[in-house]
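Whatever order the structure lists them in is the order used to number ligands and atoms, beginning at 1. Since the structure is predicted, the reported quantities are computational estimates derived from the model, not experimental observations.
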Amino acid sequence: MRRRRLLTGLGGAAAWMTAGGPARAEQPRLDPALPLGTRAEAELAELPGKHRLIKLSWRPPNYETPIAAFDQAITPNEWFYVRYHLADIPDMSVLANWSLSVGGDASERPFSLTLDELKSGFEQVEITAVNQCSGNRRGLFDPHVPGVEWGYGAMGNARWTGARLRDVLARAGVKAEAVELGLQGYDGPVLPATPAFRKCIPIAKALEAEPLVAYAMNGAPLPHFNGFPVRLIVPGWTGTYWMKHLRTLELRTKPLESFWMKPAYRVPRGMFPVAMPFVTQEDEKTTPITELVVNSLITSPTEGAETSTKGFDVRGVAWDGGAGIRGVDISTDRGQSWKPAALGPDLGRFSFRQFSLQVVPPGPGAVTVMARATNNGGQTQGTKLLFNPAGYQHNLIQNVTVMAA
Ligand SMILES: Nc1nc2c(c(=O)[nH]1)N[C@H]1C(S)=C(S)[C@@H](COP(=O)(O)O)O[C@H]1N2
Ligand SMILES: [Mo]
């Protein structure tokens with residue numbers, strides 16, 4: 001007993017001394033294509049209610065999910081990524097008194113709503129949907145672009161429960177002149193000069209069947225940092241519209257002017273074709289980023305893993321903006337030939353779809369595994385980056401190189 005304690009103590013002291021100071025936080029293994037500074041500074045760290053995520057910044061908190069957590073169709077709440085623009089995030093005691101105001105100049109009957117009223121006053125519906133940040137994989141852009149240098153984990157798939165947005169809006173009476181729905185949360189800037197995080201969606205999107213005013217995530221209350229107690233869910237659209245700690249829904253007769261709609265969160269017009277153009281926010285050259293592009297992630301094997309020459313399983317998840325995944329093909333010969341993977345259960349067209357395939361490497365040594373998803377609209381992943389200055393919609397075919405022995 002005594003001896004063990006002594007050894008533990010020595011071990012601790014030695015680690016402390018070689019590091020030349022207090023023990024350093026554990027560094028995650030990150031893709032070598034990420035910027036050097038990001039790889040040097042990112043560390044595994046916990047937020048309240050979360051497992052250790054990959055911390056990219058603390059104020060505001062930007063934490064991504066490690067790839068291993070995507071080796072399942074649903075991303076657990078404790079592993080779900082966290083993305084904020086502003087550092088003044090109200091604490092749980094303030095949010096416990098949450099209410100939502102619904103109004104705007106395009107509403108007939110503005111009203112406000114408590115959490116109990118939201119839960120009891122509207123039909124409760126559920127949808128499984130991917131929440132992915134527009135900038136997921138930004139750090140893999142070549143050349144690099146400024147912004148949070150996300151790797152693969154600025155996304156997650158959850159089962160969301162709430163009221164239909166359109167049911168809530170119907171109670172306020174949507175005037176025929178409504179063009180947009182303005183969105184704001186309870187978080188705010190630390191400095192008054194920083195613009196508030198105000199966003200909007202087209203009224204046609206707000207009145208679709210899928211968007212939810214959600215109060216549960218995977219059957220539990222929303223975690224604090226994922227928008228407690230209520231957030232917006234906009235299936236098929238990037239996370240930027242999924243307003244957390246939702247405070248106001250504003251039916252508008254005029255387009256919103258907000259830094260976070262313009263110049264931020266824009267892509268060149270025509271670069272990413274969409275089903276519903278955001279006409280009220282378009283200018284000559286740019287349009288807001290909206291619909292997710294088809295994408296996939298290999299979760300196993302992992303980069304650098306040792307595999308058997310006799311064969312190994314390739315697994316992962318694929319998703320898109322709502323057409324649904326038609327298939328995922330796997331290559332082990334740098335894209336010369338492809339084999340279709342088996343797809344996992346269909347959890348709905350906005351969800352991750354798992355895939356798997358047993359592959360046999362051509363021989364011992366390095367083997368590069370590639371996965372290419374195709375959606376029901378025929379959209380597929382490629383090998384040429386659609387470069388845009390904000391670093392959005394990175395969906396290049398991923399290369400995972402393993403050692404077969
Ligand atoms: N109130 C509020 N909502 C927000 C944001 C924010 O900064 N504040 N960021 C948005 C962006 S850009 C993304 S990608 C998602 C991230 O959702 P998550 O933090 O729950 O993973 O939240 C969105 N909703
Ligand atoms: Mo985002």
Side-chain angles (χ1 to χ4, degrees), residues 47-51 53-66 69-70 75-91 94-95 98 100 129-139 147-158 160 162 182-190 194-201 211-218 220-249 258-261 264-267 288-292 390-394:
L47 286 171
K50 295 279 178 186
H51 293 311
L53 302 175
I54 302 166
K55 182 182 110 189
L56 298 174
S57 70
W58 160 236
R59 269 174 78 82
N62 286 300
Y63 287 61
E64 73 171 88
T65 303
F70 299 117
T75 316
N77 294 0
E78 298 76 15
W79 285 114
F80 214 92
Y81 83 109
V82 171
R83 200 274 183 265
Y84 279 94
H85 297 80
L86 308 171
D88 188 6
I89 301 163
D91 63 29
V94 174
L95 292 166
W98 178 88
L100 172 66
V130 174
N131 164 358
Q132 182 185 220
C133 182
S134 318
N136 191 27
R137 305 190 184 181
R138 174 185 290 126
V148 180
E149 302 293 348
W150 299 108
Y152 297 91
M155 62 170 192
N157 186 44
W160 310 95
L183 310 167
Q184 197 166 350
Y186 276 92
D187 48 327
V190 177
T194 312
F197 189 65
R198 297 183 74 196
K199 299 288 297 191
C200 64
I201 56 176
L212 296 189
V213 181
Y215 42 77
M217 177 173 173
N218 295 327
L222 301 177
H224 184 190
F225 290 100
N226 298 111
F228 182 87
V230 172
R231 80 178 303 172
L232 198 69
I233 300 305
V234 189
W237 281 32
T238 70
T240 186
Y241 304 100
W242 296 43
M243 187 62 71
K244 301 192 275 191
H245 320 294
L246 189 61
R247 178 179 200 155
T248 49
L249 293 173
S258 150
F259 171 84
W260 299 105
M261 290 304 299
Y265 282 101
R266 297 239 150 198
V267 288
I289 182 175
T290 55
E291 296 169 25
L292 300 177
Y392 295 148
Q393 304 281 45
H394 184 294

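Within the 4.5 Å cutoff, the side chain of Tyr392 has heavy atoms near those of the Arg138 side chain. With contacts defined as side-chain heavy-atom distances shorter than 4.5 Å, the pair Gln184/Phe197 does not qualify. Counting heavy atoms from C-beta on, the side chains of His224 and Leu95 come closer than 4.5 Å. For the pair Ser258/Lys199, no side-chain contact is recorded, criterion being any heavy-atom separation below 4.5 Å from C-beta on. In this structure, His245 and Ile89 have side chains that are in contact, with non-hydrogen atoms separated by less than 4.5 Å. Between Thr248 and Leu183 the shortest side-chain heavy-atom distance does not fall below 4.5 Å.
With a heavy-atom cut-off of 4.0 Å, Tyr81 touches ligand 1 through backbone and side chain alike. With a heavy-atom cut-off of 4.0 Å, Asn226 touches ligand 1 through backbone and side chain alike. No part of Gln132 comes within 4.0 Å of ligand 1, judged by heavy-atom distances. For Tyr265, every heavy-atom contact with ligand 1 shorter than 4.0 Å involves the side chain, none the backbone. When non-hydrogen atoms are compared, ligand 1 lies under 4.0 Å from neither the backbone nor the side chain of Leu86.
For atom 17 (O) of ligand 1, the nearest non-hydrogen atom of the protein is Arg231 NH2, 3.1 Å. Counting only heavy atoms of the protein, atom 5 (C) of ligand 1 lies nearest to Phe197 CE2, 3.4 Å. For atom 24 (N) of ligand 1, the nearest protein heavy atom (residue, atom name, distance) is Trp242 O, 3.0 Å. Given atom 2 (C) of ligand 1, the protein heavy atom at minimum distance is Asp187 OD2, 3.4 Å. Of the protein's non-hydrogen atoms, the one nearest atom 10 (C) of ligand 1 is Gly239 O, 3.7 Å.
With ligand atoms numbered from 1 in the order given, ligand 1 contributes 19 (O) to contacts under 4.0 Å with heavy atoms of Val82. For ligand 1, the atoms closer than 4.0 angstrom to any heavy atom of Met243 are 1 (N), 2 (C), 3 (N), 24 (N). Atoms of ligand 1 lying under 4.0 Å from at least one heavy atom of Cys133, given by number and element, are 14 (S).
Judged by the shortest distance from any of its heavy atoms, Gln184 lies outside the 4.0 Å radius around the atoms of ligand 1.
Ring orientation note: the planes of Trp160 and Phe80 are nearly perpendicular, at an angle over 60° on the 30°/60° scale. Ring geometry, His85 versus Tyr265: the interplanar angle exceeds 60°, so the pair is classed perpendicular (tilted spans 30 to 60°).
Between Thr240 and ligand 1, no N or O atom pair is found at a separation short of 3.5 Å. Here's the thing with Lys244: one of its N/O atoms is less than 3.5 angstrom from an N/O atom of ligand 1. When only interatomic distances are considered, the shortest N/O to N/O separation between Asn131 and ligand 1 falls below 3.5 Å. Geometrically, ligand 1 and Ser134 share no nitrogen or oxygen pair separated by less than 3.5 Å. Checking only distances, Tyr84 never comes within under 3.5 Å of ligand 1, N or O to N or O.
Closest approach of Pro48 to Phe225, counting heavy atoms only: CD-CE1, 3.6 Å.
A donor-acceptor contact shorter than 3.5 Å is absent between the side chain of Tyr84 and the backbone of Asp187. Here the side chain of Lys244 pairs no donor or acceptor atom with the backbone of Leu232 at under 3.5 angstrom. A donor-acceptor contact shorter than 3.5 Å is absent between the side chain of Trp98 and the backbone of Tyr186.
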